[in-house]
Amino acid sequence: MSRVVRAAAAAAVLSLVGAVVGAVPGAAARPSLRVCTANIQHTPDMPDWKVRADAKEVRSHCDVVLWQEIRERADHRALQARGWRVTPYGKGGVPISWRTSKLAKDSAVRIVKVSSPTPRCANGRPSYNPARYVGQVRLKIRATGQRFTAHSLHFPQRRTCRTADTQRKWGQAFRNTKALLPAGAVVVGGDWNRREAEIPDMTRQHWVTPGPRGLDHVYVARTG
């Protein structure tokens, strides 16, 4: 399969964008932020110009982008653009970028390992579930001074030769990610590799987008 940005086409991007009104509760005039998740599938046959074009298309619809499968430095450079900041290249391929006219970084970036890899298949082939990581950064809304923490994740997929192991690793990734969530407003998004109804609650009150493929979601906490 060629590497694609799942949110590349305008229609797909718009279906992933949440006009997250009042992502930070308690404001008199709540700002609207367009939050997107975009997965660039890593295969060697996608030319760099296509990655750049897809990244540009995603940015045109978003104020915050939670990226997944950014596996190469060339891919990471494609996320950089005038008027945007992106978290440094790191493990897991889960950077976060934001529009600087609306948002400013308010804390150091963290990239946290949340699950260990599944073993190789009996025939020696990879199980396609490497160790998983979550990117985390706290952002400040320039217009109001309000703050929220953004997380980008890519959880284990289920269709492997080791289904039971994968289920355990998914649970491990979920629990460890939930433990990372600070008090206050959070936005958690990415490739959950589960449908909306299969994702347990991370916070008491929340809202989850139904992704176009049913596996990519943005999860917004609605209380502190």
* Quick one: list whatever passes salt bridge (charged side-chain N to carboxylate O under 4.0 Å, His left out) with E196, sequence neighbours left out. => none

* **With R99 via salt bridge (charged side-chain N to carboxylate O under 4.0 Å, His left out) - residues at least two apart** =>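 Once residues adjacent in sequence are excluded, the partners of R99 under the salt bridge (charged side-chain N to carboxylate O under 4.0 Å, His left out) criterion are D63.
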
Looking only at side chains, do [X] and [Y] share a donor and an acceptor under 3.5 Å apart?
X	Y	answer
H61	R34	no
Q68	T37	yes
S152	W67	no
R120	N123	no
T118	T166	no

Kindly say whether [Y] contributes a backbone atom to a donor-acceptor pair with the side chain of [X] at under 3.5 angstrom?
X	Y	result
S107	R138	yes
Q136	L180	yes
R142	T100	yes
Y219	I199	no

As an exercise, state the distance from [atom1] of [X] to [atom2] of [Y], rounded to the nearest 0.5 Å.
X	Y	atom1	atom2	value
L153	N193	CG	CG	10.0 Å
R162	Q167	CZ	CD	14.5 Å
H206	D201	NE2	CG	4.0 Å
H151	T149	NE2	OG1	5.5 Å
D216	R194	CG	CZ	13.0 Å
D54	L79	CG	CG	11.0 Å

* Under 4.0 Å between a Lys/Arg side-chain N and an Asp/Glu carboxylate O for E198 and R158? ->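 R158 and E198: salt-bridged.
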
* Going by an N to O cut-off under 4.0 Å, is there a salt bridge joining D106 and K140? -> no

* To do: Would you please name every residue forming a ring-ring contact (aromatic ring centres under 6.0 Å, His included) with Y128, sequence neighbours left out?
  => none

* Asked: By ring-ring contact (aromatic ring centres under 6.0 Å, His included), which residues pair with W98, not counting sequence neighbours?
  -> none

If you look only at distance, which donor and acceptor atoms sit under 3.5 Å apart when one is on a side chain in residues 169-177 and the other is two or more places apart or in another chain?
{"residue": "K169", "atom": "NZ", "partner": "S116", "partner atom": "OG", "Å": "2.7"}
{"residue": "W170", "atom": "NE1", "partner": "W192", "partner atom": "O", "Å": "2.8"}
{"residue": "Q172", "atom": "OE1", "partner": "S116", "partner atom": "N", "Å": "3.1"}
{"residue": "R175", "atom": "NH1", "partner": "G171", "partner atom": "O", "Å": "3.4"}
{"residue": "N176", "atom": "ND2", "partner": "V114", "partner atom": "O", "Å": "2.7"}
{"residue": "N176", "atom": "ND2", "partner": "Q172", "partner atom": "O", "Å": "3.3"}
{"residue": "T177", "atom": "OG1", "partner": "A173", "partner atom": "O", "Å": "2.7"}

Under 3.5 Å, side-chain donor or acceptor atoms of residues 81-89 against the rest of the protein: list the pairs with distances, not counting sequence neighbours.
{"residue": "T87", "atom": "OG1", "partner": "I96", "partner atom": "N", "Å": "3.0"}
{"residue": "Y89", "atom": "OH", "partner": "R71", "partner atom": "O", "Å": "2.9"}

* To do: Please name the pair of heavy atoms, one in N129 and one in P156, separated by the smallest distance, quoted to 0.1 Å.
  => OD1-CA, 3.2 Å

* **Smallest separation among heavy atoms of L66 and A150, with atom names** => CD2-CB, 4.2 Å

